[in-house]
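Worksheet for the structure shown next.
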Amino acid sequence: MLEISKLHVSVDDKPILRGIDLAIGAGEVHAIMGPNGSGKSTLAHVLAGHDHYTVTSGEVRYRGRDLLALSPEERAREGIFLAFQYPVEIPGVANIYLLKAAVNAQRKHRGEPELDAVDFLALVKDKLQLMGMSQDLLYRSVNEGFSGGEKKRNEILQMVVLEPKLAILDETDSGLDIDALKVVAGGINAMRSPERAILLVTHYQRLLDYVVPDRVHVLAQGRIALSGGRELAQELEMRGYGWVEAEAANRRKGGA
Amino acid sequence: MSATAADFYRDEFARVDAWLPGRRLPWLRRARESALAYFADTGFPTLRQEEWKYTNVAMIEKSRFALAAPDRDGVTAEQIDGWSLPGMLRLVFVNGHYRPSLSSVGDLPGGVTLTGLAEQLERAPERVEALMGTVPAAYASGFAALNAAFMTDGAYVEFADGAVLDAPVELLFISTGPDLAMHTRNLVVAGAGSRISLIEHHVAAGEGAYFSNAVTGIVVGHDAEVVHHKLQQESRKAFHIAAVQADLQGGGRFTSRSFALGGGLVRVDIGVGLNAERAACTLDGLYMIDGRQHVDHHTRIDHARPLCTSRELYKGVLAGASRAVFNGKVIVHADAQHSDAYQANRNLLLSDNAEVDSKPQLEIYADDVKCSHGATVGQLDPEQVFYLRSRGVDDASARALLTFAFAEEVVERVDIEPLRALLETLLMGQLPERVKELL
Ligand SMILES: Nc1ncnc2c1ncn2[C@@H]1O[C@H](COP(=O)(O)OP(=O)(O)OP(=O)(O)O)[C@@H](O)[C@H]1O
Ligand SMILES: [Mg+2]
């Protein structure tokens, strides 16, 4: 599904990602953890095509294609979805318009007929229920005046409506209360399928109790410092990141 | 000013004098002549004047626009249907002259007068005199003086105390040809407790350069309400100069919603006098321009007495090499305690070549007041564009959608459904097809 090799990324000439290698297969859920500022959101943004980030070297292949050659909207239509760590507010654009635009852009791209207002509403109502969201949220401007948790929930709503092939969720669990976390986890689990891959960026073991990952990676100083199974997350929860960074530094020294 | 422009307008006055309305009224004749003398003295405003320093009207001074004579055949009823808004009463003016045969006023309830100013000058000259004043006003500029000298017609709208109409009134001003000058004067009087909703709508029947100089005077009585919409869709070569002055009595409410979409060179002055306690006004505006259009709004709100409220929101969308000027003055006079004023001007630049000069001005001479203002000039937020693109919306549509949303904040406040729909259609006319399907 996704193969990242030797990816180097800079922001304003400052190197942030320094050689990321990561492969995610269809049907898998991977978690990325790591200290603040280690480059997790940078990776997520690069995969979605944000032009503030410059890929200085390396390659990303998505379903056999060169992902980096695609525009953000092409990536979205090809099934990539990023749930933002900080979803922006868009005053004046109603949630429902954005959802409809997104769904129909995708359908058009796949050569399917666009949904009319009635079919679309039926689809969305179902998903709203899944996410425990009220219908009047549809008619409010995208994220405007939403609480932190509502914004995150809204991202997941978009995801379950769009049914992406590769979902990248950047700290969607941060700022959620316990019940909301369960709802969001339920949304994510509903998306799990053999054709789909999910990349979860998170700081907390708690989400991974609900959405059990196949692999856990630790991003530190722009590299994947350590990878393991779900038990790695538990270890991090107990021991923090210090040891990982020390170990990675040792390994680099040893290798040099 | 160059002697030639003054000479031209003096000759022009001699040419049209015979058919100007109200020529048998000595007070009006004096008013016209002293306005002409004032103009000969002062001429058109220049860039050296503070209030005009960003708006160069030399092209108007150089041109020789002829005052349009009443024209009986230029416009058909079918054309009117194409321009006008459905479901309203309508006064139609062609090249600055009222055309009853194209208008639809119907049976008006008692206490409501809706007619042309020239007609009202015949019917009730003393009333018009009382409203316009026997002594010529201090003209705000040479344009106001020219208007006073040459005014041919305009809307006369008077609601007696307590009068209300169900339907809004559209004042449709049509310009048919190049090289014409239109000097129109509207008088609006809202008696105590009455409610008037107007749409001053300017359209062009053809392309070409013409000169539309419109002055509107509004009196808002005690606890009365006047909503004045102005939709300006002049030709891209037209010169459109407009002045609106509203004076409010106690508890009166005035709302102005100004939509400037057309015109080549446009200047709109809006003045509001909050002259008695608990008067309130809202001034909203939207200019959406491109190419080489130049649109200048000057607003002035005088909080003259205590306990008045003013709210102002002007938004601008500038593409191409267009240029906008916004100057919003709020003056809180010494006596005006507990004034509450808020003003904002927000501009969206869609092109590097577009330019805006925004100057909100608060002058406060009272100490117990709540006043604030703000001005912004910026581009579309790249994070918002990226967010939409990350959901599959293409770049052009994302930008168009955000632009529409920016302008819609002003449009959605219009509570006359057909006008709001027309404005949305006009806004969308500037967006790609793809976006229209979404909305
Ligand atoms: N747009 C940007 N402009 C400048 N610096 C940036 C930008 N985006 C990221 N950076 C820098 O890149 C580094 C990595 O940031 P990133 O947001 O990817 O971290 P993160 O791992 O997601 O952290 P957190 O856990 O706090 O969300 C940080 O030092 C950050 O300041
Ligand atoms: Mg982050």
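Only heavy atoms go into these numbers, but all of them, side chains included; no hydrogens, no water, no symmetry mates. Naming: A, B, ... by sequence-line order, numbering from 1 per chain.
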Could you tell me which portion of [X] (side chain, backbone, both or neither) has an atom closer than 4.5 angstrom to a non-hydrogen atom of chain B?
{"X": "A:Q158", "result": "side chain"}
{"X": "A:I90", "result": "both"}
{"X": "A:P87", "result": "both"}

Distance col, row A:L47:CG vs B:S390:OG, nearest 0.5 angstrom, shows 12.5 Å
To the nearest 0.5 Å, what is the distance between CG (B:D394) and CZ (A:R77)? 5.5 Å
Side chain of B:Q384, backbone of A:E89: donor and acceptor closer than 3.5 Å? yes
For side chain to side chain contact (heavy atoms under 4.5 Å, CB included), just list the numbers for B:V393 and A:E73, CA-CA rounded to whole Å, side-chain angles, deciding distance to a tenth of an Å, and then say yes or no. CA-CA 6 Å; B:V393 179; A:E73 55 269 34; over 6 Å; no
Mind checking which of residues 121-157 of chain A sit less than 4.5 Å from chain B, heavy atom to heavy atom? A:V142, A:N143, A:E155
Applying a criterion of heavy atom separation less than 4.5 Å, what residues of residues 51-61 of chain A form contacts with chain B? none
Would you mind telling me which of A:G92, A:P164, A:A94 has the largest number of heavy-atom pairs within less than 4.5 Å of chain B? A:G92
Look at the aromatic rings of A:F84 and B:F386 and report parallel, tilted or perpendicular, splitting at 30° and 60°. perpendicular
Give, as side chain, backbone, both or neither, the part of [X] having an atom under 4.5 angstrom from any heavy atom of chain A.
{"X": "B:E408", "result": "neither"}
{"X": "B:E383", "result": "both"}
{"X": "B:D381", "result": "neither"}

All heavy atoms of A:A105 vs all of B:G392, minimum pair found to be CB-O, 3.3 Å
